[in-house]
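Some notes on the structure that comes next.
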Amino acid sequence: MKENNLNEKVWQLMKKIPRGRVTTYGMIGRKLRTKAYRAVGQACKKNPYAPHVPCHRIVESNGKVGNYSGRGGVARKIELLKKEGIKVKDKRVENFEKVLYKF
DNA sequence: AGCGTGACGAACT
DNA sequence: TAGTTCGCCACGC
């Protein structure tokens, strides 16, 4: 089922994010040639491909972890990232530039 | 069909 | 540096 919306594109893109890496809403938006960074966030929130799409690997462009609608909220997101080797301090990703996956 | 909200981002004050 | 405003797209009411 393909949708003409950004949703499907976003999901396909975030599936490519390797483990132990993160990306930003801005990166995805730029890759899709769109300024609707908000729509990217909406796609994550909606994401029907739940465990198939690692939306927890998406952070804000300023290095902040951002938000999370899953169980436990942002705290849960941080734990998942830490499990993958990404260190988060005070909702901020350490070595942000190094773990950032660029498209 | 229209308005308000939101897992954002860049610019402005 | 921090707080506010505008832009952009999808979704709920």
Side-chain angles (χ1 to χ4, degrees):
Chain A
M1 53 194 298
K2 33 179 161 314
E3 314 185 359
N4 300 326
N5 310 334
L6 293 178
N7 267 344
E8 179 119 345
K9 297 175 185 173
V10 172
W11 299 324
Q12 292 298 316
L13 221 52
M14 55 173 76
K15 278 195 304 191
K16 298 167 177 251
I17 305 171
R19 188 175 171 288
R21 288 283 157 84
V22 297
T23 193
T24 69
Y25 300 92
M27 281 287 166
I28 296 174
R30 205 169 69 166
K31 175 67 176 176
L32 299 178
R33 302 286 185 269
T34 178
K35 280 77 175 173
Y37 307 117
R38 291 190 151 184
V40 178
Q42 291 300 334
C44 278
K45 184 167 95 169
K46 307 290 298 176
N47 104 1
Y49 298 89
H52 197 61
V53 178
C55 10
H56 62 271
R57 291 185 189 146
I58 315 291
V59 297
E60 296 183 3
S61 51
N62 64 333
K64 267 285 202 168
V65 180
N67 253 301
Y68 192 65
S69 289
R71 193 190 76 78
V74 62
R76 174 71 175 174
K77 182 172 178 179
I78 293 173
E79 298 249 333
L80 288 168
L81 291 173
K82 285 171 131 182
K83 275 177 181 266
E84 302 196 349
I86 300 169
K87 295 171 178 63
V88 180
K89 190 71 171 183
D90 191 34
K91 294 178 180 170
R92 297 186 56 77
V93 178
E94 293 189 359
N95 305 310
F96 181 54
E97 294 181 28
K98 305 193 190 254
V99 297
L100 177 60
Y101 181 73
K102 306 165 192 84
F103 290 98

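- Within residues 80-91 of chain A, no residue has a heavy atom under 4.0 Å from DNA chain B.
- Residue-environment remark: NZ (A/Lys64) exceeds the threshold of 12 foreign heavy atoms within 6.0 Å.
- Computed from coordinates, the A/Lys9 NZ to C/dA10 C1' distance equals 13 Å when rounded to whole Å.
- A/Lys98 NZ: 12 or fewer foreign heavy atoms inside a 6.0 Å radius.
- Put simply, NZ on A/Lys64 is 13 Å from C1' on C/dA2, counting in whole angstrom units.
- For A/Ile58 and B/dG9, the CD1 to P distance is 10 Å, given to the nearest whole Å.
- Contacts of A/Gly66 with the nucleic acid, taken as non-hydrogen atoms under 4.0 Å apart, are absent.
- Separating the CG atom of A/Asn62 from the P atom of C/dG3 is a distance of 13 Å, rounded to the nearest angstrom.
- Residue A/Lys35 places no side-chain N or O under 4.0 Å from the OP1 or OP2 atom of C/dC6.
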Polar atom pairs between nucleotides 10-13 of chain B and protein, under 3.5 Å, N or O only, would you list them?
none

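- Within residues 95-103 of chain A, no residue has any heavy atom closer than 4.0 Å to DNA chain B.
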Begin with the C-alpha distance, continue with both residues' side-chain angles, and end with the deciding distance and a verdict on side-chain contact (heavy atoms from CB on, under 4.5 Å) for A/Glu60 and A/Phe96.
CA-CA 10 Å; A/Glu60 296 183 3; A/Phe96 181 54; over 6 Å; no
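- Separating the CD atom of A/Glu8 from the C1' atom of C/dC9 is a distance of 16 Å, rounded to the nearest angstrom.
- We find that CG of A/Leu13 is positioned 16 Å from C1' of B/dA7, with the value rounded to whole Å.
- Within 6.0 Å of atom NZ in A/Lys31, 12 or fewer heavy atoms from other residues, nucleotides or ligands are found, so the atom counts as exposed in its surroundings.
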Can you list the steps and then say if A/Lys16 with A/Leu13 is a side-chain contact (heavy atoms from CB on, under 4.5 Å)?
CA-CA 5 Å; A/Lys16 298 167 177 251; A/Leu13 221 52; 4.1 Å; yes
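- Nucleotide B/dG6 holds its P atom 15 Å from the CD atom of A/Glu60, rounded to whole Å.
- Across all strands, A/Gln42 comes closer than 4.0 Å to base atoms (heavy-atom distances).
- Distance, A/Leu32 CG to C/dA10 C1': 14 Å, rounded to whole Å.
- Considering only side-chain N and O atoms, A/Asn5 lies under 4.0 angstrom from the phosphate OP1 or OP2 of C/dC11.
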